[in-house]
Amino acid sequence: MISYCKDRKTFNLMTRNSSYVFRVSSSGHLEHIHWGGKVTQEDYSLVNPFLKRAWSANPLNDGSYFTLDTFRSEYPTYGYSDFREPAIEVLFQSENRVLNLIYKNHVVIKGKKQLEDLPCSQGDEEVETLIVNLKDDIFDLRVRLLYSIYYEADIIVRSSLIINDTSETVNLERAYSASIDFDDNDFKLLHLSGSWARERHIMEKDLNQGFYAIESKRGNSSHQHNPFVAFKRQETTEKNGEAYGMSLIYSGNFKNSIEVNEYDQMRVGLGINSFGFRWTLKPGMSFQTPEAVLTYSDKGLNGMSHNFHSFIKKYILRGIHKSAERPVLINNWEATYFDFDEEKLLALAEVAKSVGIELFVLDDGWFGKRDAADCSLGDWYVNTHKIPSGLDGLAKKLNEKGLKFGLWVEPEMVSPDSDLYRKHPDWCIHEVGRSRSQCRNQLVLDFSREDVQDYIIQRLTKVFNSANIEYVKWDMNRNITEAGSALNKISGEIFHRYILGLYRVLNQLMKNCPKILFESCAGGGGRFDLGMLYYMPQVWTSDNTDAFERIKIQYGTSLAYPPVAMGSHVSDVPNHQVMRMTNLDARYHTAMFGNLGYELDLTKLNSEELIEIEKQIKKYKEVRSILQYGTFDRLISPFEKNYAAWQVMSEDGNDIIAYYARGLSRPNDKIRRLRLVNLNPNDNYRILNQVYRGNYLMAIGLTILPKKGDFLTEVYHLKRMDVK
Ligand code: DGJ
């Protein structure tokens, strides 16, 4: 996996289909050479020639054309002739900002180190890690670059450790997890951006000379931008061509920066956002960055997504639910909002059970005196006016009906109108002396404080153990403003300390309650990232449950995350977010490509609708392992057309479930084709009474006839025949 040529001081990090090559240049700097298709060359001296460039300074002063101005650096620094975005910035006590990182030594180890305070990728025997030690040529400031190679998965995980071995305190002002210098910009940048209820739409950009940033300064990874970027060649499609993907295992402020210089060299940096960041490194202290997950594929964007999906399923998700089929749930939020009592919940549960639902999730409003979103966050005590039997009694009643019980919480928040806030007004994030901006009538608890973390761990462990709770939805409904703390005074540390505190709380709760299936949520998909997936193996994809809006959201999300990570629900019509009418089929067809749930008042449906839902759930259960864990391929993009398609294939290739959706109806429309992918060309596939050859389905495709009506969907389940 990791080969090192001693004579040429060159590293080749090989995965099944890729190489990542760099070397120690004669100047001692780490020089990036290649990331892409697999190469086994020994001599790379011709790849990065230095040309005479006006205005480029040579820090060696040796009369050559050497300059860091165009140097392809593995971990670039500021100060010695490189004017591009650095990977690291430090401020020494002498106010010196210049850093010159020089290779010292390296070691290759089997397996990989688990990070202490941060989520990170798993893996043992099958992983090899390269550790490269760099040091500033003057100060004892060291940087350790870590590269873990997942050969089969075609993944490289990078992070860095910054160690202050000087005798003075050093301020770390930026510490990226990875930086990659491409030698051209002939790419399209793809990023997943949007807003609340419109998360992770695929956005594409050509990259010209200039600077681009995909980032969050909100405290969470955010609805607006996702800590993921992809680069594809101009000619790359879903099926073919080169694609690079980069994702961060982190849930807070992040930055993916892209800079193209005057020679069309492109630098990509990934890591914690340097905006407002300053970490105090006392002598002997070190700072570990989050991990960045990198993949390259020459099999198009789907190839890139396959790599991410398999990697996440194998090396990010953990716990007993990692590979387990996820239950079909009913969530009472859009059914009742705050207006419920025990009787109403049990009536909903009764119908839910009768149609085959397995888990009942009690959403917001069960605690304190919360009948609206204006109070009680922090008061995690059941409201016995609404639920006289308490959580335990309710759970028992649901269990007797044959349903599991799940509970909603929003532990990172506090309402000013709460007992917790009245008792501990300094427990929220705030700038001392400034007013505290409320959002949804709430403030953010100061998770940078250990006493706050401990309180939440202890209180929630009690709640989760107070009844037979088998699922928890962990919500978070606002961004951080006035980012300060009554205790932790260093403002540049607050955002990262908050996330470290959150991870500590989650870690402890997972240990205390290992059987609970956790689903993370942040007003829908405001924190859909690998950091949260490490603790909670599924995410509430979006508050937008409209079947048609969901096509784009799920299509976009699939670029970086597998279907089993996505919670997707059938909800009421007109849809509560966009008031759109869609039929029950379309709502189910779209929601079934993830962890299926229902979020509507089933007691108000007529018997035909309930029979329909019962059939949907029966069918879903038959194929759910394929839908949740199968290989997902995007076929037609809703960002390009008025229709969309995707398919999921079982691991053994015997089942293919394809989805086709139309947008607005087109009068007198043409006949369309749905071409599938990755079938065995010579095998036969059956759907109902029709048999197709694999090559037919891939070259000609299923025939889609025009239909009248907006927002119509079809699902095709094809089975391979004559399977031995
Ligand atoms: C936001 C979530 O995304 C919704 O699903 C719901 O749980 C509400 N919060 C409850 O306040």
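Counting starts at 1 for both ligands and their atoms, following the listed order. What's counted below: heavy atoms across the whole structure, side chains too, no hydrogens, waters or symmetry copies.
For the pair Thr590 (side chain) and Arg587 (backbone), a donor-acceptor distance under 3.5 Å is absent.
Heavy-atom contacts from other residues, nucleotides or ligands closer than 6.0 Å to NZ of Lys462 number 12 or fewer.
Residues lining ligand 1 at a heavy-atom distance below 4.0 Å are given as Trp333, Asp363, Asp364, Trp408, Arg440, Lys473, Asp475, Asn477, Cys521, Gly523, Gly524, Trp540, Asp543, ordered by chain and residue number.
Residues passing the side-chain contact (heavy atoms from CB on, under 4.5 Å) test with Glu614, sequence neighbours excluded: Val355.
Classification of Asp710 and Arg580 as a salt-bridged pair fails, no side-chain N sitting under 4.0 Å from a carboxylate O.
Pairs engaging residues 501-515 under the salt bridge (Lys or Arg N to Asp or Glu O under 4.0 Å) rule: Asp454-Arg504 [sequence neighbours left out]. Each salt bridge (Lys or Arg N to Asp or Glu O under 4.0 Å) pair with one or both residues in residues 517-529, not counting sequence neighbours, appears once here: Glu412-Arg527.
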